[in-house]
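This report refers to the structure that appears directly beneath it.
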Amino acid sequence: MKIQHVLVTGGAGYIGSHLVDALVAREYRVTVLDNLEPQVHRSGTWPSYANPKARYVRGDVRDRSVFEPLVLDADAVVHFAAAVSVGQSMYQVDRYVGVNTGGTGLLLDILVNAKHRVQKVVVASSVGVYGEGAYRCPSCGPSFPGLRAADQLAARDWEPHCPACGRTTEPVATPEGKPLYRDNIYSMTKYHQEEMVLLIGKTYGIPAVAPRFFNVYGPRQSLSNPYAGVAAIFLSRLLNNHEPVVFEDGGQLRDFVSIHDVVDCLVLMLEQAGADFLPVNIGSGTRISILDIARTLGRLVGSQIEPKVLNQGRAFDIRHCVADISRAATTLGFQPKVSFEDGMTELIEWARSSPDGATDMFDKALDELRQKGLLVK
Ligand SMILES: NC(=O)c1ccc[n+]([C@@H]2O[C@H](COP(=O)([O-])OP(=O)(O)OC[C@H]3O[C@@H](n4cnc5c(N)ncnc54)[C@H](O)[C@@H]3O)[C@@H](O)[C@H]2O)c1
Ligand SMILES: [Zn+2]
């Protein structure tokens, strides 16, 4: 049987809403389950971009009475509803574990115990499951350092050291097979979600796939949520005439992937079987430093404001992680198409015309980090 009806949890959010549009355009019937989490949806109403051809149900993924009937009515479930901030997860432990791990536990409990016709489950995992990315030590070869210790950060010695010989290591593209290190509660819950869904999928023969999103950027990403992605935070600082604040020396490497490329890959995951039962990186496969992101955004916005390099690290941050996207290429034929400059230009155009505006809440978030002792002195 062909998939006709897709349930998207978290479908009012940033990534989910773009997928909803793509699925509607491909003539799927789409139902969204979303509780309109106040930190994301400050108006408390469905966002203006909600797709009129999809059905929207307000409810919590921890509530069986609403989740179960929707799962039973669907041919595929895309499970994106989650609490999404790394920093915040370190002091709202109960909420993060409850929504992310708990909500996924409930979905699986429904799939195992109720009569359903779900043919595919796609669960949002994250680059966060890697901890530090993959490295290559000049003496030892492949090396997989863990999180840098507080005294290393306090000494402003930013580059990770090889666990075997102690030399500074070079970042390389991170494949799915890299040993996974979870260094914060959010990433732990993403790991649980992925492992649980793939395990139940294999055990009961329900095709399941776990996209590991790298840094997804594009229209509709929250500009006012200070716990959200770094590009949005920098942009909202610049649009409010404040300098973007860069932790460490700004040399941290990340993989920024356009929402449009992400949606293309998600559609392939739903429609094809090549990546079933696997975790799969979704990235651009290209590296960019945090300082370069701040500068590129400043240039594209036309701002004279220079980024502020804080020269202080956060206890939970990794130094580098860039995707090896060969698994998505070989199993699904995925190829990213949007360049960083084109994608950022689109993000800026959207931010300038966004009805919600960009409220800069960064200083409050920085204060919170200081108070919790997560900013290394
Ligand atoms: N944006 C990224 O770069 C990125 C990177 C890695 C992983 N992810 C994962 O992708 C998924 C989607 O992320 P996003 O960036 O679109 O986030 P988002 O916050 O924009 O969307 C999440 C949606 O889930 C909803 N939600 C939260 N708690 C809920 C609950 N208890 N019940 C029902 N709905 C709930 C929110 O209202 C929101 O609409 C998440 O699972 C996230 O962990 C995102
Ligand atoms: Zn070494």
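Every number for a ligand or one of its atoms is a count from 1 in the order of the listing.
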What class does the angle between the rings of Tyr135 and His320 fall in, given that below 30° is parallel, 30 to 60° is tilted and above 60° is perpendicular?
tilted

Margin query: Measuring from non-hydrogen atoms of Gly59 to any atom of ligand 1, is the shortest distance under 4.0 Å?
Written below: yes

Review point. Is the shortest side-chain N to carboxylate O distance from Glu194 to Arg212 below 4.0 Å?
Key: yes

Under 4.0 Å between heavy atoms, the region of Val84 that gets near ligand 1 turns out to be side chain

| said: I'd like to know if Tyr217 contacts ligand 1, where contact means a heavy-atom distance under 4.0 Å to any ligand atom. | reply: no

Lys/Arg N to Asp/Glu carboxylate O, Arg156 vs Glu248, below 4.0 Å
no

Q.
Could you check whether Lys120 pairs with Asp75 (Lys NZ or Arg NE/NH1/NH2 to Asp/Glu carboxylate O, under 4.0 Å)?
A. no

>> Is it the case that the side chain of His161 and the backbone of Arg167 share a donor-acceptor pair, with hydrogens and angles ignored and the cut-off at 3.5 Å?
In response: no

**Asked** Would you say the side chains of Tyr130 and Asn281 form a donor-acceptor pair under 3.5 Å?
**Response** yes

Contact region, Ser125 to ligand 1, non-hydrogen atoms below 4.0 Å, reads backbone

**Message:** For Asp249, is there an ion pair with Arg319 - N to carboxylate O distance below 4.0 angstrom?
**Reply:** yes

May I ask you to check if ligand 1 and Val40 share an N or O to N or O distance below 3.5 Å?
no

For this session: May I ask you to check whether Glu368 and Gln88 show a side-chain donor-acceptor distance below 3.5 Å?
Result: no

Considering both backbone and side-chain atoms of Lys190, is one of its nitrogen or oxygen atoms within less than 3.5 Å of a nitrogen or oxygen in ligand 1?
yes

Within the 4.0 Å heavy-atom cut-off, what Gln221 brings close to ligand 1 is neither

Regarding ligand 1, does Asn35 bring an N or O atom to under 3.5 Å of one of the ligand's N or O atoms?
yes

for atom 8 (N) of ligand 1, nearest protein heavy atom and its distance come out as Phe213 CD1, 3.6 Å

Near Ala12 (heavy-atom distance under 4.0 Å), the atoms of ligand 1 are 39 (O)

Report task. Please test Arg314 against Asp317 for salt bridge (Lys or Arg N to Asp or Glu O under 4.0 Å), starting from the C-alpha separation and ending with a verdict. Result -> CA-CA 6 Å; Arg314 295 186 296 184; Asp317 274 338; 2.8 Å; yes

Note: Leu36, heavy atoms under 4.0 Å from ligand 1, region reported as backbone

For Glu37, the atoms of ligand 1 under 4.0 Å from one of its heavy atoms are 27 (C), 36 (C), 37 (O)

**Request:** Check whether any heavy atom of Ala83 sits under 4.0 Å from an atom of ligand 1.
**Result:** no

Among Asp60, Val216, Ile15, the residue with a heavy atom nearest to atom 44 (C) of ligand 1 is Ile15

Interatomic distance, CG@Leu7 vs NE2@His79, rounded to 0.5 Å, equals 9.5 Å

* Asked: Looking only at distance, does Ser126 have an N or O less than 3.5 Å from an N or O of ligand 1?
  -> no

Among Ala124, Pro211, Ala82, Pro38, the residue with a heavy atom nearest to atom 22 (C) of ligand 1 is Ala82

Of all protein heavy atoms, the one nearest atom 20 (O) of ligand 1 is Tyr14 N, 2.9 Å

dist Ser17:OG -> Gln221:CD (nearest 0.5 Å) comes out at 11.5 Å

(message) For ligand 1 and Ala81, I'd like to know whether there is a polar contact (N/O to N/O, distance under 3.5 Å).
(response) no

